[in-house]
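Just so you know, ligand 1 is whichever comes first in the structure, and atom 1 is the first atom listed for that ligand.
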Amino acid sequence: NLEYFIVPAASYLIGSIPFGYLIGRLHGIDIRKVGSGNIGATNVTRSIGKIAGKICFFLDFLKGALPVVLVNMTFEENTANLALAAGLAVILGHVFPIYLRFRGGKGVATAAGVALALAPYPLLCALAVWVVTFLTSRYVSLASIVAAASLPIIAALFFGLGIGTPFPLANSTVFFFALIAFLAILRHISNIKRLLNGTENRFDSGAGKRG
Ligand code: NKO
């Protein structure tokens, strides 16, 4: 069962590739020192521009989906546990990247990629929750927090109704979504503090504070 070591290790290294940081470097800035200081797509959009932000989101998202898709393609049976292990490892790589002294992003785009590969319908619903929350509040961070919290609930509903389960381990998947949502929300503590004291930046009103 060597794959239970190799797959998570390789996934962690893939997750560690800090696309937001690399895009910043290409533009001659250290993304960790501008805007919110986060290496995610939101801060790349805020600090560099819309196209760079979209590229960052796409690459961070793809990086999440890739290990899970590869596991499901490579291993014939019993892929469910290994796919979950790959998904967790790639998100941990993004949040605690070895190349940036373990100081990485908040794991929203990468977790969305993992979730798309594991359970596409629940992820699409969580995406809708993200869009509605963002359009009504104009806070990216709030949208990410609410969408993350909604994902395990939506997945439990879908699996409970027997819809959209391409996957044998429904209970483990719901638990897994709860775990990655908890991690993503923990990474938003500085955003939550700003939301509570009214200093969080709305998306269309300039740069955020460090944190
Ligand atoms: O710089 O602290 P900041 O204001 O940048 O950034 C806060 C932001 C950090 O996240 C990002 C990634 C941007 C993602 C945008 C679109 C995401 C759509 C995802 C929908 C489903 C989410 C499921 C999450 C499962 C844990 O928040």
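From Lys193, atom NZ reaches atom CD of Glu200 across 13.0 Å, with rounding to the nearest 0.5 Å. The line from OG of Ser172 to CG of Leu179 is 12.0 Å long, rounded to the nearest 0.5 Å. Between Thr110 atom OG1 and Ile91 atom CD1 the span is 7.0 Å, to the nearest 0.5 Å. Atom CG of Leu151 is separated from atom CG of Leu127 by 11.0 Å, given to the nearest 0.5 angstrom. Rounded to the nearest 0.5 Å, atoms OG (Ser137) and CG (Leu195) are 8.0 Å apart. Interatomic distance, CG of Leu100 versus CZ of Arg103, reported as 10.5 Å (0.5 Å rounding).
From the protein, the heavy atom lying nearest to atom 22 (C) of ligand 1 is Ala147 CB, 4.0 Å. The shortest contact between atom 2 (O) of ligand 1 and any protein heavy atom is with Lys106 NZ, 2.6 Å. Scanning the protein for heavy atoms near atom 4 (O) of ligand 1, the closest one is Arg46 NH2, 2.8 Å. For atom 24 (C) of ligand 1, the closest non-hydrogen atom of the protein is Ala148 CA, 4.0 Å. At the shortest separation from atom 15 (C) of ligand 1 among protein heavy atoms lies Trp130 CZ2, 3.6 Å. For atom 18 (C) of ligand 1, the closest non-hydrogen atom on the protein side is Leu127 CD1, 3.7 Å. Closest to atom 21 (C) of ligand 1, if we only count protein heavy atoms, is Leu123 CD2, 3.9 Å. If you check which protein heavy atom lies closest to atom 1 (O) of ligand 1, you get Ser36 OG, 2.5 Å.
Evaluated by nearest non-hydrogen atom to atom 19 (C) of ligand 1, the leading choice among Gly107, Ala181, Ala112, Ala143 is Ala112. Of the listed residues (Thr42, Asn38, Asp60), the one carrying the non-hydrogen atom nearest atom 11 (C) of ligand 1 is Thr42.
An N or O contact shorter than 3.5 Å links Ser144 to ligand 1 by distance.
Close contacts of ligand 1 with Asn43, meaning ligand atoms under 4.0 Å from a residue heavy atom, involve 1 (O). For ligand 1, the atoms lying closer than 4.0 Å to a non-hydrogen atom of Gly40 are 5 (O). Proximity to Asn191 (heavy-atom distance under 4.0 Å) selects the following atoms of ligand 1: 2 (O), 3 (P), 4 (O). Per-residue contacts place Ala111 under 4.0 angstrom from the following atoms of ligand 1 (heavy atoms of the residue considered): 25 (C), 26 (C). Atoms of ligand 1 lying under 4.0 Å from any heavy atom of Leu151, numbered from 1 in the order shown and given with element: 25 (C). Atoms of ligand 1 found under 4.0 Å from any heavy atom of Phe57, numbered from 1 in the order shown, are 14 (C), 16 (C), 17 (C). Within ligand 1, the atoms closer than 4.0 Å to a non-hydrogen atom of Ser141 are 27 (O), numbered from 1 in the order shown. Taking every non-hydrogen atom of His188 and a distance limit under 4.0 Å, the qualifying atoms of ligand 1 come out as 7 (C), 8 (C), 9 (C), 27 (O).
Counting non-hydrogen atoms of other residues, nucleotides and ligands closer than 6.0 Å to CZ of Phe182 gives a total of 12 or fewer. With a 6.0 Å radius and a threshold of 12 heavy atoms from other residues, nucleotides or ligands, Ile51 has its CD1 atom at or below the threshold.
Formation of a donor-acceptor pair under 3.5 Å by the Lys63 side chain with backbone atoms of Ile14 is not found in this model. For the pair Ser16 (side chain) and Ile98 (backbone), a donor-acceptor distance under 3.5 Å is present.
Minimum heavy-atom separation, Ile48 to Ile31: CD1-CD1, 4.5 Å.
Aromatic ring centres of Tyr139 and Phe134 lie farther apart than the 6.0 Å criterion allows.
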